[in-house]
Amino acid sequence: MTDSIPKKPFKKGSLVFVDRENYIKSIEALASDDDLPNYVFEGPGEILSVKDEYAQVRWRRPVPDVWLKLDQLKEYTQ
């Protein structure tokens, strides 16, 4: 029975960074600034919330939180 329940790849509190290759190929990249700051690709960002296929990410900087698709994120390991 647990096989039918899809597992969420990330949850609140997960540390992540943006996968540059997946982000650049996305439709969201077309709607955003071409020159994203390096910290989004280096990480870590912390997931604050997950809704459907998007996650709200907070960076350890004085910048606004952002919503990104889960398939554009990778787990941050130090």
Side-chain angles (χ1 to χ4, degrees):
M1 183 163 180
T2 57
D3 294 337
S4 64
I5 300 171
K7 183 182 176 199
K8 291 185 179 180
F10 299 109
K11 60 183 180 179
K12 182 178 177 179
S14 296
L15 296 179
V16 296
F17 66 96
V18 176
D19 179 14
R20 187 182 303 265
E21 189 173 314
N22 283 342
Y23 178 77
I24 290 172
K25 295 177 184 178
S26 72
I27 193 165
E28 289 84 7
L30 296 174
S32 300
D33 189 4
D34 291 338
D35 190 27
L36 285 181
N38 281 335
Y39 65 83
V40 300
F41 301 113
E42 296 167 358
E46 180 182 355
I47 293 184
L48 301 178
S49 178
V50 177
K51 281 192 177 178
D52 299 324
E53 59 188 62
Y54 289 90
Q56 183 181 20
V57 180
R58 175 171 289 163
W59 304 101
R60 295 180 175 175
R61 298 178 179 262
V63 296
D65 302 337
V66 295
W67 286 90
L68 295 163
K69 284 187 85 167
L70 292 173
D71 64 356
Q72 298 168 1
L73 300 174
K74 286 194 172 180
E75 183 179 6
Y76 178 81
T77 55
Q78 205 172 28

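Throughout, residue positions are numbered sequentially from 1 according to the sequence presented.
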Connected via hydrophobic side-chain network under 4.5 Å: Tyr54 and Leu15: no

Backbone of Ala29 reached by a side-chain donor or acceptor of Ser32 within 3.5 Å: no

Shared hydrophobic cluster for Leu73 and Tyr23 (ILVMFWY, side-chain gaps under 4.5 Å): yes

Neighbour count above 12 (heavy atom, 6.0 Å) for Lys74 NZ: no

Leu30, CG: over 12 other non-hydrogen atoms inside 6.0 angstrom: yes

Salt bridge Glu46-Arg58, side-chain N to carboxylate O under 4.0 Å: no

Pro64 and Trp59, any side-chain heavy atoms less than 4.5 Å apart: no

Check: Asn38 and Arg20 side chains under 4.5 Å, non-hydrogen atoms: yes

Phe41 vs Leu36 side-chain heavy atoms within contact, under 4.5 Å: yes

Euclidean distance, Glu28 CD relative to Gln72 CD, rounded to 0.5 Å: 4.5 Å

Atom pair OH/CD1 of Tyr76 and Ile47 - distance to nearest 0.5 Å: 14.5 Å

Criterion side-chain contact (heavy atoms from CB on, under 4.5 Å) on Val57 and Asp65, from CA distance to verdict: CA-CA 6 Å; Val57 180; Asp65 302 337; over 6 Å; no

Side-chain heavy atoms of Arg61 within contact of Tyr39, under 4.5 Å: yes

Same cluster (ILVMFWY, side-chain, under 4.5 Å), Phe17 and Leu70: no

Same apolar cluster: Leu68 and Val63, side chain cutoff 4.5 Å: yes

